[in-house]
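Since the structure comes first, as structure tokens, the remarks are kept for the end.
As the structure is a computational prediction, the values presented were derived from the model and not from experiment. Position 1 is the first residue of the sequence; numbering continues from there.
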Amino acid sequence: MRSFRFNGRRIVKTGIAIFLTAIICEWFGWPPVFAVITAIVTIEPTVSDSIKKGLVRFPASAIGSAFAVFFITLFGNSPITYTLAAVATILVCYRLNLHAGLLVATLTAVAMVEVIHDHFLIAFFIRLGTTSIGLLVSTAVNMLVFPPDYRKDILKSIQNISERAGSMLEHTFRTILFDGDANLQEDRETVKRLTAEIRKTEKLIYFQRDESSLYPWVRDKEAELQMAERQLQFLHNLEFHLDALLRVPLHDIEWTTAERDLIMHAVTALANDLQNSTSYDHEKHQHQLKRITDLFWENSKRVPASDPLHPTLFPPEFTILYELITIYDLVDKFFDPDSVKAARGTRN
């Protein structure tokens, strides 16, 4: 049975923002529902996003409130009022590029139709006040309560991607070398999951960097973020070459048993480096790479260019060894002392 997971910190922050917003509105004697709606949607993954979108949602809500008051004055509490208030709010917000505030503005316009019965101008300014309270309280809560910090998630995600890439690399080569007729669909699905995980990690890095203008400690960790981006780029390139391996035709591979064992030994060492980063040995890595490179050049001599039957495409052995050499180079850069090890030192 799969465990139920949720973002506990964001839920707690949303609850605190709702509670404080409702208390403040009650203290002013204002209906809290509109402020609470604003507070809920203003809790963003980053404080910077909360502020940026808050600056959009305030004028959008003002537009929705204004249309609600206007059409209530003309038609009273009727179906046409709900329709015109919602449609007009959507059209104007869309025209003014207030997309982030469109939902809140439309909800505000529709909800106001039900609760406004007189003193329309006063009701309009009260809605602006409740919207302001929701925006300010939720932004303050997002900034002060559990400030967004994605560093651990970023580093953990990079490690998970590396481990999964190592497992897939070993499984793919074992299939290519010793079970050429096997279905690689499982490996293709793994590549898709790796791609999705890389995209998710890129978003986390964007969130973390977005906070640099608000938190000095984020600016101080910019070097660490750059290292994480560099590692992620290597992993993205690795995922590309793993995908290329899955597209190589596996029939008619003419390696001897000794050559297959040599390649598998090198792949196993490479996969172990990706799965257990602390065991990485640069000298050993270069030794294995030289053996694979020597095999590549040895294979290249087996097909003379003057042969009239010389294929127009590289033989599968060439492509497989080329991809393996490229992956070896990527892994070496991934574990470069100026990137991953420096990042670990900054983290500790």
Side-chain angles (χ1 to χ4, degrees), residues 6-66 68 89-90 92-94 96-112 115 123-154 200 202-222 225:
F6 59 95
N7 191 337
R9 290 189 172 190
R10 192 168 178 182
I11 291 175
V12 170
K13 290 196 290 187
T14 302
I16 294 174
I18 293 172
F19 180 72
L20 294 177
T21 299
I23 286 180
I24 295 173
C25 289
E26 291 287 349
W27 186 74
F28 280 107
W30 295 344
V33 60
F34 301 102
V36 167
I37 292 173
T38 304
I40 292 172
V41 299
T42 306
I43 297 290
E44 297 288 341
T46 66
V47 178
S48 178
D49 275 349
S50 291
I51 295 173
K52 292 175 183 176
K53 293 184 180 180
L55 295 175
V56 173
R57 285 167 179 149
F58 180 80
S61 296
I63 291 170
S65 300
T89 299
I90 293 172
V92 172
C93 288
Y94 184 82
L96 297 177
N97 292 322
L98 301 175
H99 305 299
L102 198 151
L103 177 60
V104 176
T106 306
L107 291 175
T108 299
V110 172
M112 282 185 67
V115 300
F124 170 72
F125 285 109
I126 288 176
R127 295 303 166 262
L128 294 186
T130 56
T131 298
S132 300
I133 291 172
L135 289 172
L136 293 174
V137 170
S138 60
T139 301
V141 169
N142 203 17
M143 180 179 293
L144 301 175
V145 180
F146 302 132
D149 186 358
Y150 299 98
R151 288 178 299 162
K152 291 182 179 179
D153 292 334
I154 291 169
K200 176 183 175 182
E202 288 174 343
K203 184 175 292 186
L204 292 178
I205 292 176
Y206 167 78
F207 286 160
Q208 188 68 24
R209 178 168 283 117
D210 205 32
E211 301 294 80
S212 61
S213 60
L214 299 173
Y215 298 103
W217 58 264
V218 176
R219 290 195 296 270
D220 294 340
K221 300 294 183 180
E222 178 60 26
L225 283 179

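Here Tyr94 pairs with His99 under the ring pair (Phe, Tyr, Trp, His ring centres under 6.0 Å) rule; sequence neighbours left out. Residues satisfying the salt bridge (charged side-chain N to carboxylate O under 4.0 Å, His left out) test with Arg57, not counting sequence neighbours, are Glu44. By the side chain to side chain contact (heavy atoms under 4.5 Å, CB included) test, Ile126 pairs with Trp30, Pro31, Ile122, Thr130, sequence neighbours left out. The side chain to side chain contact (heavy atoms under 4.5 Å, CB included) search around Ser61 returns Val104, Thr108, Thr131, not counting sequence neighbours. Every residue meeting the side chain to side chain contact (heavy atoms under 4.5 Å, CB included) condition with Ile24, not counting sequence neighbours, appears here in chain and number order: Phe28, Ile133, Val137. Judged as a salt bridge (charged side-chain N to carboxylate O under 4.0 Å, His left out), and not counting sequence neighbours, the contacts of Lys52 are Asp210.
Inter-residue side-chain proximity for Lys53 and Thr42 is flagged as unmet; no heavy-atom pair is nearer than 4.5 Å.
How far CZ of Phe58 is from CG of Leu128: 5.0 Å, rounded to the nearest 0.5 Å. Between the CD1 atom of Ile37 and the CD1 atom of Ile18 there is a distance of 10.5 Å, given to the nearest 0.5 Å. To the nearest 0.5 Å, atoms CD1 (Ile51) and CG (Leu135) are separated by 11.0 Å. Within the model, atoms CG of Leu20 and CG of Leu136 stand 12.5 Å from one another, a figure rounded to the nearest 0.5 Å. Rounding to the nearest 0.5 Å gives a distance of 12.5 Å between CD1 of Ile63 and CD1 of Ile90. Separating the OG1 atom in Thr139 from the CG atom in Leu144 is a distance of 10.5 Å, to the nearest 0.5 Å.
Closest non-hydrogen pair, Ala66 versus Phe124, comes out as N-CE1, 3.6 Å. When all heavy atoms of Ala17 and Val141 are compared, the pair lying nearest together is CA-CG2, 4.1 Å. Considering all non-hydrogen atoms of both residues, Ala22 and Pro32 come closest at CA-CB, 4.0 Å. Ala60 and Cys93 get closest at one heavy-atom pair: CB-SG, 3.9 Å. Listed here is the closest heavy atom pair of Thr21 and Val36: CG2-N, 4.0 Å. Between Ser138 and Ile43, the shortest heavy-atom distance links the atoms O-CD1, 3.4 Å.
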